[in-house]
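Note that the coordinates shown come from a computational prediction; the quantities given were computed from them, not determined experimentally.
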Amino acid sequence: MASLGVIFQPSFPPERLRPAAQRAERARIAELWVFEDCFREGGIASVTAALAATERIRIGVGILPMPLRNVAALAMEAATIERLFPGRLRLGVGHGVLDWMGQVGARAASPLTLMREYVPALRGLLAGEEVTVDGRYVQLDHVRLDWPPAAPVPVLAAGEGPKTLGVTGEVADGTILTTGTSPDMVRTAVERIRAARTAAGRGGQHEIVVFLMTDFGHGSAERMEAEFDAWGLAGERRTAAVGDDEAVAAGVAALVEAGATTVLLQSLAHEADLDRWMDSAARIAARDWGA
């Protein structure tokens, strides 16, 4: 079964997160994810607040920029959250926006090397293993968490380009495909990820999480064109689901058929009525999304 969730964007003030998460839970939406955009809400604080405000809904963060966080520190944070709220954390990491990483003096010269070192170390620590790494970016000397999660936390990694998608398939438990990913782009990504996993000798399921820009009702197509412009999206990346429920559901179905295991509906960055949008998203989430 594919999962359908929603995104709370950092363009909304932090004080709106708790009621948004509670409304999503009441509407029986499976997941709510947050961004961590520089220099807005912090991802760890946001995830923890949303989990504390709810009881069942899964809360994800897509993504936490690896260059900003020591891997042991992130493992400690994630393990603590998972033990406090078992089975509800969805953890995503990525390169981060390179210009932003440069602004804070954390830009990695080789983001792919960082991901290759970081994600396996994070997965190992969250699995309760003792981890030693002497890498270009990650150095750990016999590090083991005293309070690891009772069960390993899947680590998802964001990717766009073919090289990064190969690394996410090689080292991560799933891949996050962010805003502006078309069904054809999902298919291509899945093929690259599968090839990388085969080459690395990895089996088992690999999650594919896709963000889908979504707007409902009259005038939604026009509003989405302005949203595309604001995001600087062009060509195939101007992908969204707009219109009535059937049109939005068709957009979700196309991504699921292309290989998405989770689709996250993303509102306009400055959605005027987030409650009504959330209720519309709940109608889509209530459908049967068997893969």
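A donor-acceptor pair under 3.5 Å is absent between the side-chain atoms of Thr48 and the main chain of Ala45, judged by distance alone. The main-chain N or O of Arg276 is found under 3.5 Å from a side-chain atom of Asp273 such that the two form a donor-acceptor pair. Side-chain N or O atoms of Arg144 include one that pairs as donor or acceptor with a backbone N or O of Gly128 at under 3.5 Å. For the pair Ser280 (side chain) and Phe216 (backbone), a donor-acceptor distance under 3.5 Å is absent.
Using a 4.5 Å cut-off on side-chain heavy atoms (C-beta onward), Ser267 and Phe12 make contact. Proximity of Trp289 to Val263: side-chain heavy atoms (C-beta onward) are nowhere separated by under 4.5 Å. Looking at Leu126 and Glu82, their side chains never come closer than 4.5 Å, going by heavy atoms from C-beta outward. Using a 4.5 Å heavy-atom threshold, the side chains of Leu4 and Thr262 count as separate. Between Leu112 and Leu114, the closest side-chain pair of non-hydrogen atoms is not below 4.5 Å.
In terms of heavy atoms, Ala157 sits closest to Ala172 at CB-CB, 3.9 Å. Considering every non-hydrogen atom in both Arg136 and Ala109, the closest pair reads NH2-CB, 3.5 Å. Scanning both residues, Thr214 and Trp277, for their nearest heavy atoms gives O-NE1, 3.2 Å. Scanning both residues, Ala53 and Arg18, for their nearest heavy atoms gives CB-NH1, 3.7 Å. Closest non-hydrogen pair, Met115 versus Thr168, comes out as SD-CG2, 3.9 Å. Here the closest non-hydrogen pair linking Leu165 and Ile193 is O-CG1, 3.6 Å.
Cluster annotation: Val34 is connected to Val153 through the hydrophobic network of ILVMFWY side chains, with a link wherever side-chain heavy atoms come within less than 4.5 Å. Hydrophobic cluster membership differs between Leu68 and Leu74, with clusters built from Ile, Leu, Val, Met, Phe, Trp and Tyr side chains linked at under 4.5 angstrom.
With a 4.5 Å cut-off between side-chain heavy atoms of Ile, Leu, Val, Met, Phe, Trp and Tyr, the cluster of Ile7 takes in Trp33, Phe35, Ile63, Leu156, Ile176, Val209, Phe211, Met213, Met224, Phe228, Trp231, Leu233, Val242, Leu264, Leu268.
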Could you walk me through whether Ser182 and Glu236 pass the side chain to side chain donor-acceptor pair (under 3.5 Å) test, one step at a time?
CA-CA 7 Å; Ser182 71; Glu236 191 176 3; 2.4 Å; yes
Take Val119 and Asp173 through the test side-chain contact (heavy atoms from CB on, under 4.5 Å) and record every step on the way to the result.
CA-CA 9 Å; Val119 173; Asp173 299 304; over 6 Å; no
For Val131 and His142, what are the C-alpha separation, side-chain angles and deciding distance, and is it a side-chain contact (heavy atoms from CB on, under 4.5 Å)?
CA-CA 5 Å; Val131 179; His142 296 91; over 6 Å; no
I'd like to know whether Arg197 forms a salt bridge (Lys or Arg N to Asp or Glu O under 4.0 Å) with Glu170, so could you lay out the CA-CA distance, the side-chain angles of the two residues, the decisive distance to 0.1 Å, and finally the verdict.
CA-CA 5 Å; Arg197 289 179 66 77; Glu170 177 186 334; over 6 Å; no
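Going from atom CD of Gln9 over to atom CZ of Arg16 covers 11.0 Å, rounded to the nearest 0.5 Å. Taking OG1 of Thr239 as the start and CE of Met185 as the end, the distance is 7.0 Å to the nearest 0.5 Å. Note that CE of Met278 and CZ of Arg283 are 13.0 Å apart. Values are rounded to the nearest 0.5 Å. Considering CE of Met76 and CD1 of Ile44, their distance stands at 11.5 Å, rounded to 0.5 Å. In this structure, the separation between CD on Glu31 and CD1 on Ile59 is 9.0 Å, given to the nearest 0.5 Å.
Ion pairing between Arg238 and Glu225 holds under the 4.0 Å rule for side-chain N and carboxylate O. The pair Glu55-Arg88 does not count as a salt bridge, with every side-chain nitrogen at least 4.0 angstrom from each carboxylate oxygen.
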